[in-house]
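Structure first, commentary second.
Throughout, a chain's letter reflects where its sequence line sits, starting with A, and its residues are numbered from 1. What you see below is based on every heavy atom in this structure, not just the backbone, and it leaves out hydrogens, waters and symmetry mates.
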Number of protein chains: 2
Amino acid sequence: MTTQIEYAKKKKITPQMRTVAKSEFFPPGKIMRQVAEGKIVIPANLNHKNLKPIGIGKTLRTKINANIGNSSVQSCITEELDKLKIALKYGADTVMDLSTGENIREIRNAIIKNSTAPVGTVPIYEAVCKVEKIEDLNIELFIDVITEQAKQGVDYMTIHAGLLKNHIPAAMKRLMKIVSRGGAILAQWMTSHKKENFLYENFDKILDVCLKFDVTLSLGDGLRPGCLADASDKAQFAELKTLGELVKKCRKAGVQAMVEGPGHIPLDQIQMNMEIEEKLCDGAPFYILGPVVSDCAPGYDHITSAIGGTLGAFYGASMLCYVTPKEHLGLPDAEDVRNGVIAYKIAAHAADIALGRKGARKRDDDISKARSNFDWEKQFSLALDPERAREFREKSLAITSSKTAEKGKDDKFCAMCGPKFCSIKLSSEIRPEKSRKRS
Amino acid sequence: MTTQIEYAKKKKITPQMRTVAKSEFFPPGKIMRQVAEGKIVIPANLNHKNLKPIGIGKTLRTKINANIGNSSVQSCITEELDKLKIALKYGADTVMDLSTGENIREIRNAIIKNSTAPVGTVPIYEAVCKVEKIEDLNIELFIDVITEQAKQGVDYMTIHAGLLKNHIPAAMKRLMKIVSRGGAILAQWMTSHKKENFLYENFDKILDVCLKFDVTLSLGDGLRPGCLADASDKAQFAELKTLGELVKKCRKAGVQAMVEGPGHIPLDQIQMNMEIEEKLCDGAPFYILGPVVSDCAPGYDHITSAIGGTLGAFYGASMLCYVTPKEHLGLPDAEDVRNGVIAYKIAAHAADIALGRKGARKRDDDISKARSNFDWEKQFSLALDPERAREFREKSLAITSSKTAEKGKDDKFCAMCGPKFCSIKLSSEIRPEKSRKRS
């Protein structure tokens, strides 16, 4: 026995389940039962030695993932480790190494060694780098790639096994066709070979590798909509239905599985999308990308998608894959990673508060108390990004002090209202008489 | 007859109503009827000469407001005009001058003269600047202030007439007490004089001034919650009920009125808040501040609040007051104004798409077409912030080109995936065979 779900089915509580239980304020037995049912996954490769396990599931705190990794035209190993550090510092629960450029293997190794969070990959990217043309891809090569990655300690892998040959015509009618890189690669392979998706056909071989190292499968949505016009269409839901079938195969085989979701979805379709996944995939954790709720804000898609992500989590998504301000334009740098992570911490936390997750609201109440007490240091320490909050206050005070020399004398105000108009100061001085009914 | 609502009640369609009808794809008669009912307001002071009128109402495109103005410790007239320019450039539908520092009158005059958008103010700020102590405020002084502002051409004014003496004890029990500056000023006035709110007691005098210049009243929520812990409490809804009574008085007097709303509200309470306002205030346009959906993201409250604002607009709010990244920390500069406006354009637009507002989705579909055609110039021109989108792409391409000299040769990719992994390029090459049922 190697995987968390196998142990759970045998009613064994693992150390990983105990860690998750503790951090979620859950009894360990409850975690175990939901792992057994496949409603919670704990991505924890046997070979990822310094991992601090986390649980991903609908009943747990909403998790966020940060994508890092280079492209064929950009970035190197030190830059990626820098991004990793930033992602973990600001609270990413998992990281995905999406490298498609040089030194894929070395970058991944360094990321796993330096990450206490679960690390995910999309192995088809490395597979493609090993062949001359997409048509040359085959299952033997793919199994070699995932075996090597699993040995290195990758905790979860995105596999686009649910995109079938007969889904492609519907996708080709779309405004944006196929925007998932993995999806586009497989669709090209299938159409040139006139064959079924080799990941679907050989799914059992993939499961064998996962079983050996406890790699969690993240069933990829190769047909996620790339714009609002394509949202919630036939292609998307046909693939999702297949992903639901694959979830059952995973669970039966003793492999942990989650399901990936969109993408670009208008606000009013988010709840419906979460409910359909719950139904078609029997409550497997839903891991969504955004969704962005408008197509026309390039440069700000961390915001567009944090809006959708908040709703997604509120209506049942278990993990949100962040989007950075560079989405649709370029590869994120370390500052983009920071902005993406914070936007998604906000989304996940806002949903957790609204869902009444145990302990979620405490941080908000504590910072509000600090705010009403003008305890700036405590406010900074409780802020999702303490450095940014401090920087903004100090910048504002510097302007203020140069004009009025107020700084240092009295910090019971912020430079927004100034001391005379500080509502918090004013209202702290109010001593109301006893309440009376209006006559 | 001077006000839009008076004309509408007499079934006269004004040029302002026609302008609004045209921009909203509505028949003018429909605009007129909803103005008559008080469901749409068109803030348009007779003395604001260069105004391009807009309508604010539940059935119309969601509007956004940008607050500018100096504080007693920061900023000057040229800086405020710079912020105005930025706010209008990126699409603010109205601007509020919240100046509380020096040269209030001159700054306001310059803003009105340079703004094609309706300009709002919170006159109690200027009134307070004219007295030594808050206790010295009185209705005569206040009427002088609003008369002068109305003559200058202020299109709408926030008046905190709904905060009554008997609401104060409930507010004092809160974690954050009173966070509205106007609210805190009036509460202090009431408790020190042991008298009812002089704006409530003399509401008819205020209406007389509004009537003369067609100033729209924005009934201020002096008791809006300042943290999640205080959301949707007795104090908040007691004041809202009074605001509903004042809406009726305004409509009867022929004065246009909208209602201001929170503030800090958890995600799951937003719909309920919108519905209560609709009911208590008989469908008067709801003009909300955010709401922020978590208290612990200082430095990023444009995001925290854009999430709440999107939901607010989706559930019935007519206008969103922006929040900038500096909220809770300092006064926004021009770059903060830009970030705040864009975050709120996203919120308003995402809600309009979800509500099926006529024409709203076209921009998204057009940019998606441009994206799938690699038409970068068209993408930039359709982006909410063209300069930011271009800057990000060019920065990414510069890194790319220094490494691979790809730039200029072929722009059918972005630096995010690079040319080899471009899903859009890949999927444009797919020629699927005819669809077949899976056997």
Side-chain angles (χ1 to χ4, degrees), chain A residues 71-73 100 166 168-169 175-179 181 184 187 191 227-229 266-268 293-299 303-304 307 310 329-331 343 346 349-350 353-354 363-365 367-368 372 383-385 388-389 392-393 396 399-400 404 415-416 418 420-421 423 426-427 430 432 435, chain B residues 71-73 100 168-169 172 175-179 181 184 187 191 227-229 266-268 293-299 303-304 307 310 329-331 343 346 349-350 353-354 363-365 367-368 372 383-385 388-389 392-393 396 400 404 415-416 418 420-421 423 426-427 430 432 435 438:
Chain A
S71 80
S72 62
V73 292
T100 57
N166 69 352
I168 299 174
L175 198 160
M176 293 281 292
K177 294 179 178 150
I178 301 177
V179 298
R181 288 186 271 178
T191 48
C227 60
L228 299 186
L267 197 74
D268 56 312
V293 292
S294 164
D295 302 333
C296 61
I303 300 178
T304 322
I307 293 168
T310 311
L329 297 167
L331 209 61
I346 291 170
H349 183 62
I353 291 168
R363 187 173 186 165
D364 299 78
D365 293 348
I367 202 172
S368 297
S372 82
L384 291 180
D385 185 342
R388 180 66 45 87
F392 280 2
R393 172 158 164 87
S396 298
I399 300 168
T400 301
T404 67
M416 192 168 186
K420 188 172 179 181
F421 279 88
S423 60
L426 279 176
S427 70
I430 293 170
S435 173
Chain B
S71 79
S72 60
V73 291
T100 57
I168 299 174
M172 288 299 113
L175 199 160
M176 293 281 292
K177 294 182 178 149
I178 302 177
V179 298
R181 287 186 272 178
T191 47
C227 61
L228 298 186
L267 198 75
D268 56 313
V293 293
S294 164
D295 302 332
C296 60
I303 299 177
T304 323
I307 293 168
T310 311
L329 298 167
L331 209 61
I346 292 170
H349 183 61
I353 291 167
R363 186 172 186 165
D364 298 78
D365 293 349
I367 201 171
S368 297
S372 81
L384 291 180
D385 185 343
R388 180 68 45 89
F392 280 3
R393 171 156 165 89
S396 299
T400 303
T404 67
M416 191 168 187
K420 186 171 181 183
F421 278 88
S423 59
L426 279 176
S427 69
I430 293 169
S435 173
R438 273 165 65 202

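Annotation: side chain of A:S423 is not in contact with side chain of B:I178 (no heavy-atom distance under 4.5 Å).
Comparing B:S368, B:C227, B:P266, B:A350 by how many heavy-atom pairs each has under 4.5 Å with chain A, the most go to B:S368. When each of B:A389, B:S372, B:A343 is checked for heavy-atom pairs under 4.5 Å with chain A, B:A389 comes out on top. The residue among B:A354, B:G299, B:A297, B:A184 with the most heavy atom pairs within less than 4.5 Å of chain A is B:A354. Ranked by heavy-atom pairs under 4.5 Å with chain A, the list B:V179, B:T304, B:I346, B:V293 is led by B:I346. For the set B:A383, B:S427, B:P298, B:C296, the count of heavy-atom pairs under 4.5 angstrom toward chain A peaks at B:C296.
Residues passing the salt bridge (Lys or Arg N to Asp or Glu O under 4.0 Å) test with A:D385, sequence neighbours excluded: A:R338. The side chain to side chain donor-acceptor pair (under 3.5 Å) search around A:D268 returns none, not counting sequence neighbours.
Using a 4.5 Å cut-off between heavy atoms, B:I367 contacts chain A through its side chain alone, with no backbone atom that close. Proximity to chain B involves both the backbone and the side chain of A:L384, based on heavy atoms less than 4.5 angstrom apart.
When atom types are taken as modelled, the side chain of B:D364 and the backbone of A:S294 share no donor-acceptor pair closer than 3.5 angstrom.
Heavy atoms only, all atoms of each residue included: B:M172 and B:K177 are closest at O-CE, 3.6 Å.
With values rounded to the nearest 0.5 angstrom, B:D365 atom CG is found 7.0 Å from A:D295 atom CG.
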